[in-house]
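Structure record follows, encoded as structure tokens.
Along the sequence shown, residues carry numbers from 1.
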Amino acid sequence: MPERIEARDLDRGARAELKTLTKENADWVARHLVAAAEALEDDPALAHRHALSASRRAGRIGVVRETLAITAYATGDFALALRELRTFRRISGSDEQLPLMVDSERGVGRPDRALELGRSVDRSTLPASVQVALAIAMSGARLDLGQPELALAELEIPQLDPDRAFSYSPALFSAYAEVLDELGRSADSASWRERAQRAEAALAGDDADLVEVYELDDAVDGPSAADAPDREAGPSMSATDLPDEPRPADEPADAGDPADAIEPDVAAILAETAGAEPGVTGNDETGSDRA
């Protein structure tokens with residue numbers, strides 16, 4: 001365990017889950033969880049060992065089982081990942097790791113079970129980022145079954161908006177491009193790949209000429225919050241010549257996950273063409289599912 005890693009480095013919400021442990025044990029578990037997160041990308045095996053150590057000390061804590069599942073998935077042990085994800089879901093009651101469960105079912109060679117699992121939850125109840133991850137996993141299961149047309153349909157969700165970019169947009173655009181390739185639609189695929197690259201560049205702050213970020217403040221002169229309900233959530237970016245999409249009549253005004261929409265350096269709108277001028281619009285996320 002690197003000496004520089006301290007228990008306080010762990011996310012506050014995760015630390016709160018460790019309060020049922022003794023102070024000394026909670027500190028050790030917290031440090032293992034931090035070390036696992038740090039090593040996950042570069043050394044999944046090391047991350048998994050840290051997660052195993054944490055699970056030996058705190059096997060009944062949701063965040064510990066979740067971390068063990070994620071590291072098992074990263075090392076390719078899909079059976080263990082699936083088992084731990086089921087345990088995490090049972091402990092926490094959360095469906096936020098459902099996409100990883102679906103992908104783990106694919107990993108153990110059960111795409112049919114993956115689709116069944118993905119359909120078992122009302123997707124409109126999930127945060128927008130989880131809806132996107134689930135759509136990508138479901139699309140992959142369709143490809144496993146040799147169903148490219150249905151794989152494309154799984155990805156045709158409200159978040160597949162070429163004019164708006166959030167943290168999940170590059171992955172969604174890229175997945176859509178890959179399925180278009182499978183269908184032999186090369187020109188469309190190239191277009192979506194370009195959108196994915198532009199979204200990634202915009203989110204990284206590399207395309208300052210294309211987008212602008214505005215902080216919205218009720219104190220600033222202009223339309224009131226009542227006049228512009230879509231603008232209350234926070235910063236957003238858009239092409240000025242693109243009208244807001246009408247909200248379906250049966251959709252509540254606060255649909256979607258506001259936390260995803262107002263994430264710093266994430267809410268961004270991409271111009272459809274290189275010559276489009278950016279402006280400000282609402283950052284409404286419907287959070288619904290067409291698939």
Side-chain angles (χ1 to χ4, degrees), residues 69-70 73-74 76 78-79 81-82 85-86 89 94-200 245-251 255-257 260 270 272 284-291:
I70 291 170
Y73 178 89
F78 301 114
L82 191 56
L85 286 167
R86 287 171 178 157
R89 192 184 190 192
S94 171
D95 286 323
E96 292 202 9
Q97 290 297 349
L98 187 62
L100 203 61
M101 294 180 70
V102 170
D103 226 30
S104 295
E105 288 283 11
R106 293 179 59 209
V108 296
R110 297 194 295 249
D112 285 321
R113 289 276 295 274
L115 293 172
E116 182 180 348
L117 177 61
R119 290 192 295 263
S120 68
V121 171
D122 179 0
R123 298 191 208 180
S124 66
T125 64
L126 302 173
S129 59
V130 180
Q131 291 184 45
V132 169
L134 181 57
I136 293 172
M138 296 283 281
S139 178
R142 293 290 189 186
L143 289 178
D144 293 344
L145 293 169
Q147 302 170 344
E149 291 284 357
L150 293 177
L152 195 70
E154 294 284 359
L155 297 171
E156 290 173 341
I157 57 178
Q159 291 84 8
L160 188 72
D161 186 343
D163 304 312
R164 297 189 177 193
F166 295 86
S167 57
Y168 47 72
S169 298
L172 179 59
F173 294 172
S174 294
Y176 198 65
E178 288 178 13
V179 180
L180 287 169
D181 261 340
E182 287 286 330
L183 292 168
R185 295 167 56 180
S186 301
D188 290 338
S189 175
S191 177
W192 280 98
R193 286 190 194 282
E194 182 184 357
R195 288 187 179 108
Q197 293 168 359
R198 294 173 64 194
E200 191 168 1
E245 294 183 3
R247 180 183 287 117
D250 59 346
E251 181 181 328
D257 183 20
D260 286 320
L270 299 180
E272 188 80 46
D284 176 55
E285 280 273 88
T286 64
S288 61
D289 186 3
R290 298 179 194 152

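Side chains of Tyr176 and Ser139 form no contact here, defined as non-hydrogen atoms less than 4.5 Å apart. At least one side-chain heavy atom of Gln97 sits less than 4.5 Å from a side-chain heavy atom of Ile70. Residues Asp95 and Arg89 are in side-chain contact: their nearest non-hydrogen atoms beyond the backbone lie under 4.5 Å apart.
A donor-acceptor contact shorter than 3.5 Å is absent between the side chain of Ser189 and the backbone of Arg185. Here the side chain of Ser120 pairs a donor or acceptor atom with the backbone of Leu117 at under 3.5 angstrom. Here the side chain of Ser169 pairs a donor or acceptor atom with the backbone of Phe166 at under 3.5 angstrom.
When all heavy atoms of Ile157 and Ala135 are compared, the pair lying nearest together is CD1-CB, 3.8 Å. Between Pro111 and Leu145, the closest heavy-atom pair is CG-CD2, 3.6 Å. Heavy-atom minimum distance, Leu126 versus Gln131: O-NE2, 2.9 Å. Shown here for Pro162 and Phe173, the closest heavy-atom pair between the two residues is CA-CZ, 4.1 Å.
For the atom pair Glu105 CD and Met101 CE, the distance stands at 7.5 Å (nearest 0.5 Å). Between the CG atom of Leu180 and the CG atom of Leu152 there is a distance of 5.0 Å, given to the nearest 0.5 Å. Taking CD of Glu154 as the reference point, atom CG of Leu115 lies at 6.5 Å (rounded to 0.5 Å). Atom CD in Glu182 sits 12.5 Å away from atom CD in Gln147 (nearest 0.5 Å). We find the CE-CG distance between Met138 and Leu143 to be 12.5 Å, quoted to the nearest 0.5 Å. Between the CZ atom in Arg123 and the CG atom in Leu134 there is a gap of 4.5 Å [rounded to 0.5 Å].
Screening residues 166-175 for salt bridge (Lys or Arg N to Asp or Glu O under 4.0 Å) gives no qualifying pairs among residues at least two apart or on separate chains.
Residues meeting the salt bridge (charged side-chain N to carboxylate O under 4.0 Å, His left out) test with Arg106, sequence neighbours left out: Asp103, Asp144.
Salt bridge absent: Glu178 and Arg142 never bring a charged side-chain N and a carboxylate O closer than 4.0 Å.
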